[in-house]
Amino acid sequence: MNASASHSNREISMLRHQAGMVHQVVRLNTAGLSQAESLIQPQSAGNCMNWIVGHLLSVYNQALPLVHQEAVDLNGSLDRYKRGSAPV
């Protein structure tokens, strides 16, 4: 394996580890949360849990090509969760 391939494998491994950590944090923070509760807007600032999880899905979907995977075609359903979009 050449140095470039080794570097790419390390980056993919790091991204996989980070995605696993994010997955675990999301699971811990959403355990027992109802759909209605996920839409509650926090007071003063911030986004509801629904938007946060949707944003993570949007970001990971956009990152798939970086690890040589095809992004999932969701017919624009994640557009509402892109950076700068209106709150849900």
Side-chain angles (χ1 to χ4, degrees):
M1 182 179 335
N2 65 31
S4 178
S6 176
H7 182 71
S8 291
N9 286 339
R10 283 195 309 271
E11 288 177 333
I12 290 170
S13 177
M14 180 186 67
L15 290 171
R16 182 179 293 131
H17 177 71
Q18 288 176 340
M21 289 175 52
V22 168
H23 181 243
Q24 186 65 18
V25 168
V26 168
R27 288 184 63 192
L28 290 170
N29 282 285
T30 59
L33 193 69
S34 71
Q35 171 66 15
E37 291 169 328
S38 79
L39 296 170
I40 296 172
Q41 288 292 104
Q43 293 299 313
S44 77
N47 293 302
C48 65
M49 185 59 74
N50 181 288
W51 191 90
I52 293 168
V53 173
H55 180 69
L56 288 169
L57 289 170
S58 177
V59 168
Y60 282 119
N61 193 48
Q62 292 173 19
L64 284 172
L66 298 174
V67 291
H68 311 291
Q69 299 296 311
E70 188 174 334
V72 179
D73 181 12
L74 299 172
N75 298 319
S77 62
L78 293 177
D79 289 349
R80 69 181 305 168
Y81 301 106
K82 288 185 177 178
R83 178 176 290 243
S85 64
V88 172

From [atom1] ([X]) to [atom2] ([Y]), nearest 0.5 Å:
X	Y	atom1	atom2	result
S77	L57	OG	CG	9.0 Å
L66	I12	CG	CD1	10.0 Å
I52	N47	CD1	CG	6.0 Å

Non-hydrogen atoms of [X] and [Y] that approach each other most closely:
X	Y	value
H55	R83	CE1-N, 3.9 Å
L78	G54	CD2-O, 4.1 Å
P42	C48	CD-N, 3.9 Å
Q41	G46	NE2-O, 3.9 Å

Residue list, side chain to side chain donor-acceptor pair (under 3.5 Å) with N29, at least two apart or on another chain: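 Testing N29 for side chain to side chain donor-acceptor pair (under 3.5 Å), a comparison that skips the adjacent residues, returns none.
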Cluster question for you: counting only ILVMFWY and a side-chain heavy-atom cut-off of under 4.5 Å, with indirect links fine, are [X] and [Y] together?
X	Y	answer
I40	V26	no
V59	M49	no
Y60	V25	no

Under 3.5 Å donor-acceptor, S38 side chain and Q35 backbone: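 Yes.
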Qualifying salt bridge (charged side-chain N to carboxylate O under 4.0 Å, His left out) pairs, either residue in residues 16-41, two or more places apart: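 Pairs touching residues 16-41 that pass the test: none.
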Flag if over 12 foreign heavy atoms under 6.0 Å of CE, M21: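 It does not: M21 CE has 12 such atoms or fewer within range.
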Heavy atoms from other residues, nucleotides or ligands near CD of E70 exceed 12 (cutoff 6.0 Å):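 Counting other residues, nucleotides and ligands, CD of E70 stays at 12 neighbours or fewer.
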Residues in side-chain contact (heavy atoms from CB on, under 4.5 Å) contact with Q69, at least two apart in sequence or another chain: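 In terms of side-chain contact (heavy atoms from CB on, under 4.5 Å), with neighbours along the sequence ignored, Q69 is linked to L64, V67.
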Student check: side-chain heavy atoms of V53 and Y81 closer than 4.5 Å: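 No, too far: nothing below the 4.5 Å cut-off.
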